[in-house]
Each structure stands twice: as C-alpha cells, then as structure tokens.
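It should be emphasised that the depicted structure is a prediction, and the values quoted were computed from it without experimental measurement.
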Amino acid sequence: MATALLHLDARQKQRLVHRAKLRGKSFSQEVRGRARSVSSSARRNGRGLSSLAKAANLSADRTIKKLDETIEYVDRTLKKARNGR
C-alpha cells in the first residue's frame with residue numbers, strides 16, 4: 001500500500017472529522033474515500049480532456065489545410081491578374 005503525506009488546515013480536518021462521524025466512518029476512511037473520489041473524477045476528466053484535445057487538433061489541421069488552399073488560390077489569382085489573364 002502506498003503512503004502519502006496530506007497537509008490539511010484545521011478547518012479542513014474538522015470538516016472531514018465531522019463528515020466521518022456522520023457516516024459512521026473513521027477519519028482515515030473518510031480521507032481515503034474522498035481521495036478515491038477525486039482521483040476517479042480526475043481520470044474521467046482527463047479522458048474527456050484528451051478527447052477534446054484530439055478533436056481540437058483535427059479541427060486545427062482542417063483549418064490549416066483550408067488556409068493553405070486559400071493562400072494557393074490567392075497566389076494563383078494574383079499571378080493571373082499580373083499577367084493580364
């Protein structure tokens with residue numbers, strides 16, 4: 001089992017002690033439960049953020065491709081205009 005050092009201010013500790021009593025748990029059980037909840041939430045959000053980042057990258061790639069095509073079109077059009085066509 002991994003051990004971690006957790007620093008709580010007096011108010012945080014008091015709230016967790018109170019919460020543990022209400023739930024019929026020990027302070028340590030309450031802290032572990034909250035840590036699991038936060039960790040689980042972070043993993044879910046991480047997956048969501050990863051998916052969002054992938055979508056943003058794909059969108060950026062499409063936008064860059066369209067900009068490149070537009071620049072080529074403008075260059076061709078200007079070249080034709082300069083050549084009198």
Side-chain angles (χ1 to χ4, degrees):
M1 176 192 292
T3 303
L5 184 58
L6 179 64
H7 295 280
L8 301 171
D9 64 33
R11 186 166 187 261
Q12 290 170 322
K13 183 176 180 184
Q14 181 184 21
R15 288 175 67 199
L16 284 169
V17 166
H18 178 72
R19 229 180 138 105
K21 284 181 184 176
L22 288 175
R23 295 170 184 238
K25 295 181 179 181
S26 71
F27 173 75
S28 295
Q29 288 173 316
E30 185 65 24
V31 169
R32 283 192 298 271
R34 298 307 306 153
R36 273 192 303 274
S37 175
V38 167
S39 176
S40 175
S41 177
R43 281 194 303 274
R44 284 192 308 273
N45 289 339
R47 283 193 295 269
L49 290 176
S50 176
S51 176
L52 182 60
K54 286 178 186 177
N57 281 330
L58 289 173
S59 178
D61 288 343
R62 286 190 304 268
T63 300
I64 290 167
K65 182 180 178 198
K66 280 291 195 186
L67 286 171
D68 288 343
E69 291 169 355
T70 301
I71 290 168
E72 288 174 10
Y73 171 78
V74 169
D75 286 345
R76 281 193 315 272
T77 303
L78 289 174
K79 186 177 179 180
K80 286 179 185 178
R82 286 186 201 119
N83 292 333
R85 293 183 183 177

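Environment of CD in Gln12: crowded, with over 12 heavy atoms of neighbouring residues, nucleotides or ligands closer than 6.0 Å.
Grouping the Ile, Leu, Val, Met, Phe, Trp and Tyr side chains by contacts below 4.5 angstrom, directly or via other members, places Tyr73 with Leu78.
Rounding to the nearest 0.5 Å places CD of Glu72 at 8.0 Å from CG of Asp75. Taken to the nearest 0.5 Å, the CG atom of Asn57 stands 10.5 Å off from the CZ atom of Arg62. Within the model, atoms CZ of Arg19 and NZ of Lys25 stand 9.0 Å from one another, a figure rounded to the nearest 0.5 Å. Asp9 contributes atom CG, which lies 9.5 Å from atom CZ of Arg15 (distance to the nearest 0.5 angstrom). To the nearest 0.5 Å, atom CG of residue Asp61 and atom NZ of residue Lys66 are 14.0 Å apart.
Between Gln29 and Arg23, every side-chain heavy-atom pair lies at or beyond the 4.5 Å cut-off.
Pairing each heavy atom of Ala20 with each of Ser26, the nearest pair is CB-O, 3.5 Å.
Judged purely by atom type and a 3.5 angstrom limit, Thr63 uses its side chain to pair as donor or acceptor with the backbone of Ser59.
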